[in-house]
Novice: 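First the structure, which I've put down as structure tokens, then a few questions once you've had a look.
Note that this is a predicted model, so its numbers are computed, not measured. Throughout, a chain's letter reflects where its sequence line sits, starting with A, and its residues are numbered from 1.
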Amino acid sequence: MDKKELAGFLEEIATLLELKGGNPFKCNAFRNAARAVENLDKPLSAFKSPKDFEQVKGIGKSIAEKIINAVETGRFAYYESVKSSIPSGLVEMLKIPGLGPKKVRAVYDRLGIYTVGELEYACRENRLKDLPGFGIKTQENILEGIELLKRSRGRFHIHEARHVAQVFYDDLVKLPSVTSIAIAGSIRRFKETIKDIDLLVSSSKPEEIISRFVSQSLVNDIILRGETKTSVRLITGISVDLRVVSQEEFPFALMYFTGSKEHNIAMRGRAQKLGFKLNEYGLFERNSTQSIKLKTEEEIFKHLGLDFIPPELREDRGEISAAEKKPLPKLVCLDDLRGVFHIHTNYSDGIPTVEKYIHDAMQRGWQYIGISDHSQSAYYANGLSPDRVKQQIREIDELNSKYKEFRVFKGIESDILPDGALDYPEEILSLFDFVVVSVHSKFKMTEEQMTDRIIRAMRHPRTTMLGHPTGRLLLARDGYDLDMDKIIDAAARNNVVIELNANPFRLDLDWRYIKKAVEKGVLISINPDAHRLGNMDYAELGVGLARKGWCEPRHILNCLNVSEVEKILDRSKSG
DNA sequence: GCCGTTTTCGGCCCGACTGTTTTCAGTCG
């Protein structure tokens, strides 16, 4: 059992206890313990007895004993007993928007309903409207929620959400009564997938803002409409929340609506300890109703004794205590990039020619690109035979003579074969400036087999970089089973760079592991995995995720200039 | 169930909106 699994059990216990109608504070205690486990900086094996766990804030005697038992036996006995006492369909019902534990409980107790399907049928038969606390409207909302649940899994890729958010932003920013406007929420924090879009506006005329907002052409229906808070759902199913506040409240609201929820809870706890109350309207001395006048988020953090915490870090994963002790890292920016690697051309499954990419990169002010088409086994992607490798290398050599101020690094994305070998013999591999190694086949290996396979490829002296390390496709496919800690250790040992694949359907390596990797001294390369010119824009998403992984420019391969990159590539080439 | 620089008992983050009520519970973020 690992930390993630253990945290998952604790989280689910909290949910199950809520459904049972347990003490809400007790439920919360399990939820807090889940977060504490997730954020442990030592492996579970370092905790030998309940006493060790009790040292962790948020874990007390009772939960510590349950955890140690689970870790030792591999079975979470308490979880199993709670789970078996509740029909599993009730948990599924919680996913319906507008349905919480109390209402699910009521439906179950009074109507004996314990699946989403039955619930839908009961709504259509008008059986919910007479329950206490329910009515016609509640019943309709539940039906709509079920429809929505069926239609989509309720999350969206970040590039799509950013695009939509920008459309609303551009529309509202034109209104003269808007004094400040920001895209907040998980987009601002750069989460890899997005549930909904949060917009924040300060204005003296909220009604004007709100009526413009709800009449936007992308809007399908209005979920709620109040004086300051409005939610709409778009045709694509994504929902957009708008809050309108005064200019004095704006920095506090921006902080609040940027989240994360866990970060906010921790911040309010900190404020409380220091004798303040913090909410979306201000920062108040105890017993005062007058907010302290602060103009920016920076000032709020400062008032609470903290360095400014960039939005990407606000996940309650150690950023608050880090900001308390010393200045936070100076995170990488788009302007820090000097070039990108992992680009596919018309030689394999990309569309543009090498030269088109050169022009595109030069326009961005970059000094180099690294071409890496698919290797010969990737027949589905028109992988390069040895002859075509040589042909491309000749072409790149010519282009390098033609564009003296620019550099094209010659590379390949070599399949990692099932046994961990690379996809060309040494005589071909030695022609490249760099080699990206990636898994494109046989995804279903066991964790041990897959980990060994990849580590073997990383040990190859010609390997420069590990491509899309987990193979996940966001909202579509989980990554292959892998021991990522071992992979990161192997990268550190073998001087292998790990790719942060910036394609929005991948965003792989996951930001939670990026932080771990850079802490171990592994270099990260922000790669667009481009197949067309527009994909070069993915670099910006990659930078966002790198920031989320606490990366500074010094942690990123493609923040180095040409001669520094050459040194790194030579070093990894010679092993 | 957890926690403690007022506390080993009595709190536990906080507010908007909706739909149900006729002052409030539930849900959500």
Novice: Report yes if a side-chain nitrogen or oxygen of K277(A) is closer than 4.0 Å to either non-bridging phosphate oxygen (OP1 or OP2) of dG15(B); otherwise report no.
Specialist: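 Answer is yes, contact under 4.0 Å.
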
Novice: To the nearest Å, how far apart are K103(A) NZ and dT18(B) C1'?
Specialist: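 Nearest whole value for this atom pair: 9 Å.
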
Novice: Is the distance from OP1 or OP2 of dT20(B) to the nearest side-chain N or O of T138(A) less than 4.0 Å?
Specialist: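 For dT20(B), OP1 or OP2 has a side-chain N or O of T138(A) closer than 4.0 Å.
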
Novice: Take atom NZ of K273(A) and atom C1' of dC13(B), then tell me their distance rounded to the nearest Å.
Specialist: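 Result: 14 Å.
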
Novice: Would you say N279(A) places a side-chain N or O within less than 4.0 Å of OP1 or OP2 belonging to dC13(B)?
Specialist: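 No.
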
Novice: Select from N141(A) and K195(A) the residue whose nearest nucleotide in DNA chain B is closer to the 5' end of that strand.
Specialist: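 Looking at DNA chain B, the more 5' nearest nucleotide goes with N141(A).
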
Novice: May I ask you to verify if any side-chain N or O of T230(A) is less than 4.0 angstrom from the OP1 or OP2 atom of dA16(B)?
Specialist: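 No, no such contact exists.
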
Novice: Please give the distance between the C1' atoms of dG15(B) and dG10(B) as a whole number of Å.
Specialist: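 Approximately 23 Å lies between the C1' atom of dG15(B) and that of dG10(B).
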
Novice: dT20(B) C1' sits how many Å from I142(A) CD1, rounded?
Specialist: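 Taking CD1 of I142(A) and C1' of dT20(B), I get 13 Å after rounding.
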
Novice: Please state the C1' separation for the pair dC14(B) and dC9(B) - nearest whole angstrom.
Specialist: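 It comes out at 24 Å once rounded to the nearest Å.
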
Novice: Please give the distance between the P atoms of dT23(B) and dC28(B) as a whole number of Å.
Specialist: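 The same atom, P, in both gives a distance of 26 Å.
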
Novice: Between dT27(B) and dT20(B), how many Å separate the two P atoms, rounded to a whole number?
Specialist: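 Straight-line distance between the two P atoms is 13 Å.
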
Novice: Starting from the 5' end of DNA chain B, give me the residue, S62(A) or P101(A), whose nearest nucleotide shows up first.
Specialist: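 Going by which nucleotide is closer to the 5' end, it is S62(A).
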
Novice: The side chain of Q272(A) lies closest to which of these nucleotides: dG19(B), dG1(B), dC14(B)?
Specialist: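 The closest nucleotide is dC14(B).
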
Novice: What interatomic distance, in whole Å, is found between C1' of dC2(B) and the corresponding atom of dT7(B)?
Specialist: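 Between the two C1' atoms, the distance is 14 Å.
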
Novice: Ignoring the backbone of I63(A), work out which of dC2(B), dC17(B), dC13(B) is nearest its side chain.
Specialist: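 Given the options dC2(B), dC17(B), dC13(B), the side chain of I63(A) is closest to dC2(B).
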
Novice: Quick one: does Y256(A) reach the base of dG29(B) with a side-chain donor-acceptor pair under 3.5 Å?
Specialist: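 When only heavy-atom distances are counted, Y256(A) does reach the base of dG29(B) through a donor-acceptor pair under 3.5 Å.
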
Novice: Between dT22(B) and dC17(B), how far apart are the P atoms? Round to whole Å, please.
Specialist: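 Those two atoms are separated by 23 Å.
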
Novice: Between D508(A) and R472(A), does the salt bridge (charged side-chain N to carboxylate O under 4.0 Å, His left out) criterion hold? Intermediate values first, please.
Specialist: CA-CA 7 Å; D508(A) 180 14; R472(A) 73 177 179 188; 5.0 Å; no

Novice: Give a yes or no on whether a salt bridge exists between D510(A) and R512(A), defined as a side-chain N under 4.0 angstrom from a carboxylate O.
Specialist: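 Yes.
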
Novice: Take atom CD of E262(A) and atom P of dC12(B), then tell me their distance rounded to the nearest Å.
Specialist: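 E262(A) atom CD is separated from dC12(B) atom P by 20 Å.
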
Novice: Using a cut-off of 4.0 Å on non-hydrogen atoms, how would the nucleic acid contact of N23(A) be classed: base, sugar-phosphate, or nothing?
Specialist: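 Base contact.
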
Novice: Looking only at the side chains, is there a donor atom on one of E248(A) and S291(A) sitting less than 3.5 Å from an acceptor on the other?
Specialist: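 There is no such pair (donor and acceptor under 3.5 Å, judged by atom type) between the side chains of E248(A) and S291(A).
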
Novice: Separation of L278(A) atom CG from dC13(B) atom C1', in whole Å?
Specialist: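 Answer to the nearest Å: 10 Å.
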
Novice: Sticking with atom C1', work out how far dT8(B) lies from dC12(B), rounded to a whole angstrom.
Specialist: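 After rounding to an integer number of Å, I get 16 Å for this pair.
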
Novice: Any salt bridge linking D241(A) with K229(A)? Criterion: basic side-chain nitrogen under 4.0 Å from a carboxylate oxygen.
Specialist: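 No, D241(A) and K229(A) are not salt-bridged.
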
Novice: Using atom P of each nucleotide, how far apart are dA16(B) and dG11(B) to the nearest Å?
Specialist: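 Straight-line distance between the two P atoms is 24 Å.
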
Novice: What nucleic acid atoms does P132(A) come within less than 4.0 Å of, heavy atoms only: base, sugar-phosphate, or nothing?
Specialist: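 Here P132(A) touches no strand at all.
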
